[in-house]
Amino acid sequence: AFVIAHHFLQKLVANKQKGCIVFTSSVAGFIPTPFAASYAATKSFVSQLACSLHIEVQALGIDVCAVHPSPVASNFYEKVDHKIEIMEAACKNAAEPDAL
């Protein structure tokens, strides 16, 4: 995400073009995510990157944002050996991918 965003931001700035960069993140970046710490840390990075880049380039007419389409019904936690209440609640409230 970082390398791709940097590539296209350079092009937009060099050509004095307006545009929008949209990252896909997750609410997992904002809450404790047991048994998926690496995933959550990565999504936290993506969200913070989007916020920081937004501030840096908004005056140039470039929008940057992150969407957090969560929870989504998937097999993400299917093979997890440890079932905990927060994960079960997320699964029950998850939207089907087709609904998004």
Side-chain angles (χ1 to χ4, degrees):
F2 180 81
V3 173
I4 293 169
H6 187 259
H7 171 81
F8 285 104
L9 275 174
Q10 279 185 318
K11 296 226 180 256
L12 289 169
V13 172
N15 295 320
K16 297 184 176 163
Q17 293 177 306
K18 297 180 184 206
C20 181
I21 294 179
V22 179
F23 292 95
T24 303
S25 189
S26 170
V27 296
F30 300 103
I31 60 173
T33 310
F35 310 108
S38 295
Y39 175 80
T42 301
K43 294 306 182 178
S44 182
F45 169 79
V46 167
S47 296
Q48 292 301 316
L49 176 64
C51 289
S52 296
L53 288 177
H54 171 75
I55 293 167
E56 293 177 15
V57 298
Q58 66 181 347
L60 302 174
I62 302 169
D63 293 324
V64 181
C65 66
V67 294
H68 304 87
S70 299
V72 177
S74 70
N75 61 358
F76 189 80
Y77 287 111
E78 204 168 272
K79 295 184 180 182
V80 173
D81 292 333
H82 304 88
K83 301 292 183 188
I84 58 174
E85 188 176 315
I86 193 168
M87 290 164 48
E88 296 295 321
C91 289
K92 287 179 185 173
N93 296 312
E96 292 298 324
D98 293 344
L100 302 174

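When a residue number appears, it is its place in the shown sequence, counting from 1.
Listed by chain and number, the residues in a side chain to side chain contact (heavy atoms under 4.5 Å, CB included) with H54 are Q58, V64 (sequence neighbours excluded).
To the nearest 0.5 angstrom, L12 atom CG is 9.5 Å from H7 atom NE2. Note that the CG atom of L60 and the CD atom of Q17 stand 12.0 Å from one another [nearest 0.5 Å]. Note that CG of L9 and CZ of F2 are 10.0 Å apart. Values are rounded to the nearest 0.5 Å.
Hydrophobic clustering (ILVMFWY, side-chain heavy atoms < 4.5 Å, transitive): Y39 and V67 are in distinct clusters.
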Distance-only check: which donor-acceptor pairs under 3.5 Å involve side-chain atoms of residues 18-30, not counting sequence neighbours?
| from | atom 1 | to | atom 2 | distance (Å) |
| --- | --- | --- | --- | --- |
| S25 | OG | K43 | O | 2.9 |
| S25 | OG | S47 | OG | 2.7 |
| S26 | OG | A28 | N | 3.0 |
| S26 | OG | S70 | OG | 3.2 |

